[in-house]
Visitor: 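Have a look at the structure that comes next, please.
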Amino acid sequence: MARSSRRWTTAAGFAAAATAMVAGIWILGPQASAEETLQVTGLTGIPAGGVVSGTVTIEAKVDGRPDSVVFHLDGATDLTRTERVAPYFFGGDSNGSPFGWDSRTVPEGRYSLTAVASRGSTTARRSVTFTIDQDGRTTPPPTTPAPTVPSKPKLWVTSDMSEPGGETDADDISALAALSAYASKFSLTKVVVGGEQRITDCAGAMTHARNAYGAYLKNLELSSICGLQGGFTTCTATNPWVKNPPSTVKELIEAVRAGGVTVLNWGPMTESAGAACWLEHNAPQDLAKLSIVSHWTVTSPGFPIDPNCGPDRSACEYVHELAAKNTIKLIELGAAGQKFINTARGACDADVTVPKKGLGVQLNAKYAGITPDFSDAITFLVFLHGGIAGYDTNGKGDANFDKAYDRVCAQAPAIFDDLRAAAK
């Protein structure tokens, strides 16, 4: 009897996992002989060139014994799912009984689904194109549409990473290593390090960032507030940043005005607040283009502190006030990343060991138990595992905390497979 590569006990848990991206490959069972044919003979349950609605059961029929079958869904939303044991269902199964895939979890439109069977260096694939239309009002495009390149999330990272052994949290060192492993999945406008006023060796922080991540992250820059005494203060006309913002704050403002950007906030809100304040006074029409995904600036169930608000509370409170008024979008994840790190090898059922070589050296910069503490990474993992649609954008944390943790926890084994692969 076959069993799925993951177990889900609720419909919500399955929906989160079914919309996740998984890149790990596990090998289970006896190995096929080198002479055995590997072929994807069909994709059943989905009409080629036809229309899909509601929940459907999609199965890849495979001749041979693959190590894995990876499903790639390409369209308005891109999803990836890995099955390692027959039968191979897009959506997973329990002892051979398929869960089905709910097409309502992605936008309507034209899609292509490809099943790739792999054994060692041998691969075989089969694709089918179709249209998702839930109410019969979507007109299917031609069966041979022009190829499109899926857009990548446009991100700006603000990190309070210091030099190794410095005053600020070493979890940023680990999180930047995790971001390096996934860099190809995003359009990284800028990765700013040292965004903390109490750092004493700003040059050391930048040197470490270049040496550790320069081969993966091309837009690294030292924060212009690194070591700068004093915080954001308040957003009034007398705030000097309203007329003359620090250089990296000015660059963030330009990125927002040029078409919008999502800031991943891993430390104090100082630079995000500075950009928002300048926009409020000088270009309020552009404030709506600023989105922030923040790690732990509010308390969460079981985590009664808000550590990233401590160093510059005025900035933190200002950003949350704007979000509460729907002036900007703030997806506050609370301590979801910390909970994930704390429970990855327990409730999330993952092998959390990562070799201390390559990016693994930086991933192991700090531990919670034996787990690499890349808790800030929750801010970009949510894009890869379920996307950010449906998260509260008003700066409130509890609902987002649970949703982000549940979705990323469901994919913990594959995430750590990815990180081990990056430790070369």
Side-chain angles (χ1 to χ4, degrees), residues 1-8 13-46 56-74 77-101 111-128 150 181-182 184-185 344 348-355 381 384-386 407-424:
M1 298 292 288
R3 59 181 177 84
S4 65
S5 54
R6 291 286 300 158
R7 298 186 301 274
W8 297 286
F14 166 68
T19 55
M21 295 185 70
V22 181
I25 296 176
W26 297 346
I27 300 174
L28 299 177
Q31 299 301 294
S33 67
E35 293 78 18
E36 185 178 357
T37 300
L38 186 64
Q39 183 179 6
V40 183
T41 60
L43 277 169
T44 66
I46 189 167
V56 292
T57 299
I58 303 170
E59 180 181 4
K61 297 291 188 178
V62 182
D63 284 348
R65 290 183 291 176
D67 298 335
S68 67
V69 174
V70 181
F71 294 91
H72 299 281
L73 181 70
D74 297 308
T77 295
D78 298 333
L79 304 176
T80 302
R81 176 180 176 79
T82 300
E83 286 288 295
R84 301 175 178 88
V85 181
Y88 307 105
F89 290 106
F90 180 54
D93 66 284
S94 177
N95 294 322
S97 297
F99 294 117
W101 175 62
Y111 288 85
S112 174
L113 180 67
T114 302
V116 182
S118 300
R119 184 181 65 244
S121 61
T122 301
T123 61
R125 67 183 61 220
R126 180 176 288 265
S127 299
V128 62
Y182 288 105
S184 64
K185 304 293 185 181
C348 303
D349 196 26
D351 172 7
V352 301
T353 58
V354 177
L381 289 174
L384 302 179
H385 301 292
R407 290 184 174 182
V408 175
C409 179
Q411 299 303 325
I415 291 170
F416 280 91
D417 280 350
D418 292 345
L419 299 181
R420 276 187 289 273
K424 298 178 180 177

Visitor: For the atom pair CZ (Phe89) and OG (Ser97), what is the distance rounded to the nearest 0.5 Å?
Guide: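 The distance works out to 8.0 Å.
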Visitor: If every non-hydrogen atom of Ser118 is compared with every non-hydrogen atom of Thr123, which pair is closest and at what distance?
Guide: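 Taking Ser118 first and Thr123 second, the nearest heavy atoms are OG-CG2, 3.5 Å.
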Visitor: Please report the interatomic distance CG(Asp78) to CG(Leu73), rounded to the nearest 0.5 Å.
Guide: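 The distance works out to 7.0 Å.
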Visitor: What distance do Thr114 atom OG1 and Phe71 atom CZ have between them, rounded to the nearest 0.5 Å?
Guide: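 Reported to 0.5 Å precision, the distance equals 10.5 Å.
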Visitor: Leu38 and Ala117: which non-hydrogen atoms are nearest, and at how many Å?
Guide: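 Minimum heavy-atom separation between Leu38 and Ala117: CD2-O, 3.8 Å.
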Visitor: Among Asp93, Val70, Val62, which one satisfies side chain to side chain contact (heavy atoms under 4.5 Å, CB included) with Glu83?
Guide: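 Checked Asp93, Val70, Val62 against Glu83; only one passes side chain to side chain contact (heavy atoms under 4.5 Å, CB included): Asp93.
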Visitor: Does the side chain to side chain contact (heavy atoms under 4.5 Å, CB included) test come out yes or no for Thr37 and Asp63, once each step is laid out?
Guide: CA-CA 7 Å; Thr37 300; Asp63 284 348; 5.5 Å; no
Visitor: Would you please name every residue forming a ring pair (Phe, Tyr, Trp, His ring centres under 6.0 Å) with Phe416, sequence neighbours left out?
Guide: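 Residues passing ring pair (Phe, Tyr, Trp, His ring centres under 6.0 Å) with Phe416: Phe374.
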Visitor: Checking side chain to side chain contact (heavy atoms under 4.5 Å, CB included) between Ser68 and each of Val116, Val85, Thr82, which is the one that passes?
Guide: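 The single option meeting the side chain to side chain contact (heavy atoms under 4.5 Å, CB included) with Ser68 is Thr82.
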Visitor: If I compare all heavy atoms of Ala423 with all of Pro355, which pair ends up nearest, and what's the gap?
Guide: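 Taking every non-hydrogen atom into account, CB-O, 3.7 Å.
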Visitor: Which atoms form the tightest heavy-atom contact between Pro87 and Glu59, and what is the distance?
Guide: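 In this case the closest contact between Pro87 and Glu59 is CB-OE2, 3.5 Å.
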Visitor: Rounded at 0.5 Å granularity, tell me how far CG in Leu79 sits from CG in Asp74.
Guide: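 If I round to the nearest 0.5 Å, the distance is 9.0 Å.
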Visitor: Looking at side-chain heavy atoms only, is the closest gap between Ile415 and Val408 below 4.5 Å?
Guide: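 A side-chain contact exists here, since the closest heavy-atom pair is under 4.5 Å.
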Visitor: Out of Phe99, Tyr111, Trp101, which one pairs with Phe90 under the ring-ring contact (aromatic ring centres under 6.0 Å, His included) rule?
Guide: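 Exactly one candidate clears the test, Trp101.
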Visitor: Step by step, work out the side chain to side chain contact (heavy atoms under 4.5 Å, CB included) result for Thr353 and Arg420.
Guide: CA-CA 8 Å; Thr353 58; Arg420 276 187 289 273; 4.1 Å; yes
Visitor: For a quick test of reading the model, state the closest non-hydrogen atom pair linking Val69 to Ala60 and the distance between them.
Guide: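 It is CG1-CB, 4.2 Å.
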Visitor: For the pair Arg126 (side chain) and Val40 (backbone), establish whether a donor and an acceptor sit closer than 3.5 Å, ignoring hydrogens and angles.
Guide: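 Flag set: sc Arg126 to bb Val40 pair under 3.5 Å.
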Visitor: Roughly how far, to the nearest 0.5 Å, is the OG1 atom of Thr80 from the NZ atom of Lys185?
Guide: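 One finds 6.0 Å between NZ of Lys185 and OG1 of Thr80.
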Visitor: For a quick test of reading the model, state the closest non-hydrogen atom pair linking His385 to Gln411 and the distance between them.
Guide: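 Closest approach of His385 to Gln411, heavy atoms only: ND1-CG, 3.5 Å.
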